[in-house]
Engineer: 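Below are the structure tokens for one structure; questions will follow.
Computed over heavy atoms, backbone and side chain alike; hydrogens, waters and symmetry mates excluded.
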Amino acid sequence: MALFATDHDLDKQFAALSRQVDDFRRALAKRGDAYYEDGREAASDYYSQLAERLHETLPAIRRRGRALERTARDHPATAAAVGLVVVGLLAGLLISRR
């Protein structure tokens, strides 16, 4: 019984390991492609659903926007005060996060 592997045995083992690594690499690449495709399809579905919901609610958003615009025109001082309060709140939030 030989205690030491010959160079030929080591070359065979190395070649076998190289083939196994290549097989694993191919399998991982296929899985990665499948995961990418699944993720792309899911994102597309979410986008379609969002676009559909937005399309359904867009008229209501426009109506509320026009009503808000009319209110701002009728009461400019109040609109300016509310705007300043909102800007102040946002600035406070941004500064407190630092």
Side-chain angles (χ1 to χ4, degrees):
M1 239 172 109
L3 293 176
F4 297 103
T6 63
D7 286 342
H8 182 66
D9 292 338
L10 288 176
D11 288 341
K12 281 184 179 181
Q13 289 178 355
F14 183 74
L17 287 174
S18 293
R19 284 192 298 274
Q20 287 179 351
V21 168
D22 288 342
D23 291 342
F24 286 138
R25 191 177 296 137
R26 278 189 229 106
L28 287 174
K30 285 180 184 177
R31 282 190 182 175
D33 290 344
Y35 288 142
Y36 174 77
E37 187 64 32
D38 290 346
R40 194 171 68 96
E41 288 176 9
S44 177
D45 290 343
Y46 290 138
Y47 176 75
S48 296
Q49 291 174 2
L50 180 64
E52 184 178 319
R53 288 183 182 176
L54 186 61
H55 182 69
E56 292 171 357
T57 59
L58 200 55
I61 292 171
R62 285 183 181 150
R63 280 193 302 274
R64 289 184 183 180
R66 286 188 205 113
L68 183 64
E69 185 181 351
R70 270 185 257 121
T71 302
R73 266 195 229 127
D74 293 345
H75 307 286
T78 304
V82 169
L84 287 175
V85 168
V86 169
V87 169
L89 287 173
L90 289 174
L93 286 173
L94 289 174
I95 290 172
S96 68
R97 288 194 177 196
R98 293 182 185 178

Engineer: In Å and rounded to the nearest 0.5 Å, what is the CD to CG distance from Q20 to D22?
Structural biologist: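 Going from the CD atom of Q20 to the CG atom of D22 covers 10.5 Å.
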Engineer: Grab the two heavy atoms, one from S96 and one from L93, that are nearest each other, plus how far apart they are.
Structural biologist: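 Nearest heavy atoms, S96 then L93: OG-O, 3.0 Å.
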Engineer: Are the side chains of K30 and D33 in contact, using a 4.5 Å heavy-atom criterion?
Structural biologist: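 No, every pair of side-chain atoms sits at 4.5 Å or beyond.
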Engineer: To the nearest 0.5 Å, how far apart are CG in L50 and NE2 in H55?
Structural biologist: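 Interatomic distance, L50 CG to H55 NE2, rounded to 0.5 Å: 13.0 Å.
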Engineer: Say you draw a straight line from CZ of R40 to CG of D45; how long is it, rounded to the nearest 0.5 Å?
Structural biologist: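 CG of D45 is found 11.0 Å from CZ of R40.
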Engineer: Hey, is the main chain of R53 close enough, under 3.5 Å, to the side chain of T57 for a donor-acceptor pair?
Structural biologist: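 Between the backbone of R53 and the side chain of T57 there is a qualifying donor-acceptor contact (under 3.5 Å).
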Engineer: Do you reckon V82 sits in the same ILVMFWY cluster as L90, going by side-chain contacts under 4.5 Å, direct or chained?
Structural biologist: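 The answer is yes; both residues are in one hydrophobic cluster.
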Engineer: Hey, could you give me the CG/CG distance between D23 and L28, rounded to the nearest 0.5 Å?
Structural biologist: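 Rounded to the nearest 0.5 Å, the CG-CG separation comes out at 11.0 Å.
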Engineer: Give, for atom CD of E69 and atom CG of D74, the distance between the pair rounded to the nearest 0.5 Å.
Structural biologist: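 Answer for the CD-CG pair, E69 versus D74, is 10.5 Å.
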